[in-house]
Number of protein chains: 2
Amino acid sequence: MDKPKIMLADDHGVLLSGIQLLLSKVDEWEIVGIVSSGEEAVENASLWDPDLILMDISMPGIGGIEATRQIKEKFPHIKILMLTMFSEEDYLKKALKAGASGYVLKKAVDTELISAVRTVLQGETYIYPTMSSFLFKGFTEEKKDKDECPLSAREKEVLKYVALGFTYQEIADELFVSVKTVETHKARISDKLNMKKRSELVRYAVSQGLISINE
Amino acid sequence: MDKPKIMLADDHGVLLSGIQLLLSKVDEWEIVGIVSSGEEAVENASLWDPDLILMDISMPGIGGIEATRQIKEKFPHIKILMLTMFSEEDYLKKALKAGASGYVLKKAVDTELISAVRTVLQGETYIYPTMSSFLFKGFTEEKKDKDECPLSAREKEVLKYVALGFTYQEIADELFVSVKTVETHKARISDKLNMKKRSELVRYAVSQGLISINE
DNA sequence: ATTTTTGTCAGGGAAACCCCTAATGACTCC
DNA sequence: GGAGTCATTAGGGGTTTCCCTGACAAAAAT
């Protein structure tokens, strides 16, 4: 048979029992092992070769984040679902950077945890609904900054191209104006923001959401 | 009393009845109105003054996205929860940009929808778990590209500063080398990548994760 | 052992950039 | 209706930066 294999990594005995019981109720997978520290998780990942590891963040020794990093380094095919009580933005980002495919809070209800496990096993990503708001700053908070931004629409347009590395000539061609116009805009921008170095302008443009990686 | 007021905007009669029934079961809020087009939603938002609008995306006339934009423009305090069958990345991003506070798929189970409404009413954001993976591209997929990067460590370092808008002189001071050295590195980078325009280098640096908006 | 890559530097000319000045239209404020 | 502010558009002249062509030694690859 080919039921997915799940490994648990958590040092909270009581919770562990609960999770074990809960996951056992569903006949879609089987629990192949339980560990209670980050080191054990790394060591046993190769032995039991699970499809998914339910990983706590706060564990003795190396935490769940570092364990995730090491496991994903050696065995990229193993999916890792963080199960933690930390609802801070920082932990979520670190977990994702370490290679986790999902993030669920321990206050989640049974159906949510099962749904998360199922989702991650399918190769998708599951982020606890209220946590995902951390991931799109810049999407919604654009307008709040506009009030404080002393630049005109045209100036912001110019700044955007400047920050993206366009030369004044290129910007001029893009906006169908003279190079001199672009230079003036840039001068006024530098003056208003009191930033003379181009690198400062780039940082400002990024902070204002004028340029965005997620296009 | 001050129960939160909820308004429904959807043109699917059957589904509407279901949602109405489902939300009525919970005694935490009351449904104050039902509309079946984007225009109606905008018009009635001020009349009924709901705390939350459950909004479909595909509706006659202006869709739910545009309706959301107009409502948030005039009445920023009204929370909007998108309820749609579209699971595409583009719709999620557009909805968030328009000002939606939540995004739930119609295939969600009852508890999820109730949880979403509750979350959004509390002022938080609720994103359907499997949808949020669209929001953090660049977090996880950084290393995959690094292998193909033909640049040396020093060159990548220089490129980073170039992309951040530093001048050669500034980079030289930063790295304690001659300006001419920096210029040579930049020339090699342009040569290797076949990119002569600075803006292209910025884009490349971003795509390689050499510079990151998320600090 | 020889070729290639890497890191370091220079000179000269071209291009980009910066500072100062300024005209025009739009807008507000008496 | 004028006076002032601001946005947008430019030009002249000087300065900095950038690009191209070389160069050479150390390290790495072959």
Side-chain angles (χ1 to χ4, degrees), chain A residues 142-211, chain B residues 73 142-143 145-211:
Chain A
E142 287 174 20
K143 292 173 184 173
K144 186 172 56 183
D145 297 320
K146 273 183 186 171
D147 329 58
E148 318 168 18
C149 184
L151 303 179
S152 72
R154 196 64 157 175
E155 286 164 348
K156 277 189 279 195
E157 205 172 0
V158 170
L159 175 57
K160 185 184 72 180
Y161 287 112
V162 170
L164 285 173
F166 286 85
T167 71
Y168 295 159
Q169 186 60 59
E170 289 168 339
I171 301 173
D173 295 341
E174 194 75 25
L175 300 179
F176 299 103
V177 294
S178 159
V179 182
K180 290 301 182 177
T181 303
V182 178
E183 291 176 0
T184 303
H185 282 309
K186 192 271 174 182
R188 292 178 68 86
I189 292 167
S190 293
D191 193 46
K192 283 181 178 177
L193 302 177
N194 195 30
M195 297 174 179
K196 52 185 195 303
K197 290 209 294 293
R198 184 172 201 144
S199 56
E200 293 179 302
L201 293 177
V202 173
R203 268 202 304 278
Y204 181 83
V206 169
S207 75
Q208 290 296 308
L210 294 178
I211 61 178
Chain B
E73 174 99 17
E142 289 174 21
K143 293 174 183 172
D145 299 318
K146 276 184 183 170
D147 330 55
E148 316 168 16
C149 183
L151 304 180
S152 71
R154 194 65 158 175
E155 286 164 347
K156 277 190 278 194
E157 204 173 1
V158 170
L159 174 56
K160 185 183 72 181
Y161 286 112
V162 169
L164 285 173
F166 286 86
T167 176
Y168 294 161
Q169 186 60 60
E170 291 169 338
I171 301 172
D173 295 342
E174 195 74 26
L175 301 179
F176 299 104
V177 293
S178 160
V179 182
K180 291 300 181 179
T181 302
V182 178
E183 290 177 4
T184 303
H185 282 309
K186 191 271 174 181
R188 288 232 181 88
I189 293 167
S190 293
D191 193 46
K192 282 181 177 176
L193 301 176
N194 195 30
M195 297 174 180
K196 52 185 195 304
K197 289 209 294 293
R198 187 175 198 142
S199 55
E200 292 178 302
L201 293 176
V202 173
R203 268 203 303 279
Y204 181 83
V206 169
S207 75
Q208 290 297 307
L210 294 178
I211 62 178

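Below, chains carry the letters A, B, ... as their sequence lines are ordered, and counting in each starts from 1.
With sequence neighbours left out, the side chain to side chain contact (heavy atoms under 4.5 Å, CB included) criterion links T167(A) to Q169(A), E170(A). Annotation: side chain to side chain donor-acceptor pair (under 3.5 Å) contacts of S190(A) (sequence neighbours excluded): K186(A). Under the rule for a salt bridge (charged side-chain N to carboxylate O under 4.0 Å, His left out), the partners of E155(B) that lie at least two apart in sequence or sit in another chain are K192(B). Taking the side chain to side chain contact (heavy atoms under 4.5 Å, CB included) definition, one finds that T181(A) meets it with V177(A), S178(A), H185(A), sequence neighbours left out. In terms of the salt bridge (charged side-chain N to carboxylate O under 4.0 Å, His left out) criterion, residue partners of E157(B) (sequence neighbours excluded) are, by chain and number, R154(B). Taking the salt bridge (charged side-chain N to carboxylate O under 4.0 Å, His left out) definition, one finds that K180(B) meets it with E183(B), sequence neighbours left out. Residues forming a salt bridge (charged side-chain N to carboxylate O under 4.0 Å, His left out) with K160(B) (at least two apart in sequence, or on another chain): none. Listed by chain and residue number, nothing satisfies the ring-ring contact (aromatic ring centres under 6.0 Å, His included) test with Y168(A) (two or more places apart in sequence, or in another chain).
Computed from coordinates, the K186(B) NZ to dC9(C) C1' distance equals 18 Å when rounded to whole Å. Counting to the nearest Å, the P atom of dC17(C) and the CD1 atom of I189(A) are 13 Å from each other. Between the NE2 atom of H185(A) and the P atom of dC17(C) there is a distance of 15 Å, rounded to whole Å. Note: CG (L159(B)) to P (dG7(C)) measures 13 Å, nearest angstrom. Across the protein-nucleic acid pair, R188(A) atom CZ and dC20(C) atom P stand 14 Å apart, rounded to whole Å. In this structure, CD1 of I171(A) is placed 11 Å from P of dA16(C), rounded to the nearest angstrom. In this entry the distance linking OH of Y168(B) with P of dA15(C) reads 15 Å, nearest Å.
Remark: M195(A) CE to L159(A) CG distance equals 9.0 Å, nearest 0.5 Å. One finds the CZ atom of R188(A) at 8.5 Å from the OG1 atom of T184(A) (value rounded to the nearest 0.5 Å).
Place A153(B) and R198(B) on DNA chain C by their nearest nucleotides, and A153(B) ends up nearer the 5' end.
Taken residue by residue, residues 173-183 of chain B places heavy atoms nearer than 4.0 Å to DNA chain D at K180(B), E183(B).
Counting non-hydrogen atoms under 4.0 angstrom, S190(B) reaches nothing in the nucleic acid.
From the 5' end on, the contacts that DNA chain D makes with chain A at under 4.0 Å to a non-hydrogen atom open and close at dA7(D) to dG13(D).
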Walk me through it: do L164(B) and V202(B) pass the test side chain to side chain contact (heavy atoms under 4.5 Å, CB included)? CA-CA 8 Å; L164(B) 285 173; V202(B) 173; over 6 Å; no
Every protein N/O lying under 3.5 Å from an N/O of nucleotides 26-28 of chain C:
none

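In this structure the side chain of Y161(B) never reaches within 4.5 angstrom of the side chain of V182(B), judged on heavy atoms.
Each end of the helix from dA1(C)-dT30(D) to dC30(C)-dG1(D) gets its own axis from five base pairs, and the two axes differ in direction by 50°, given to 10 degrees.
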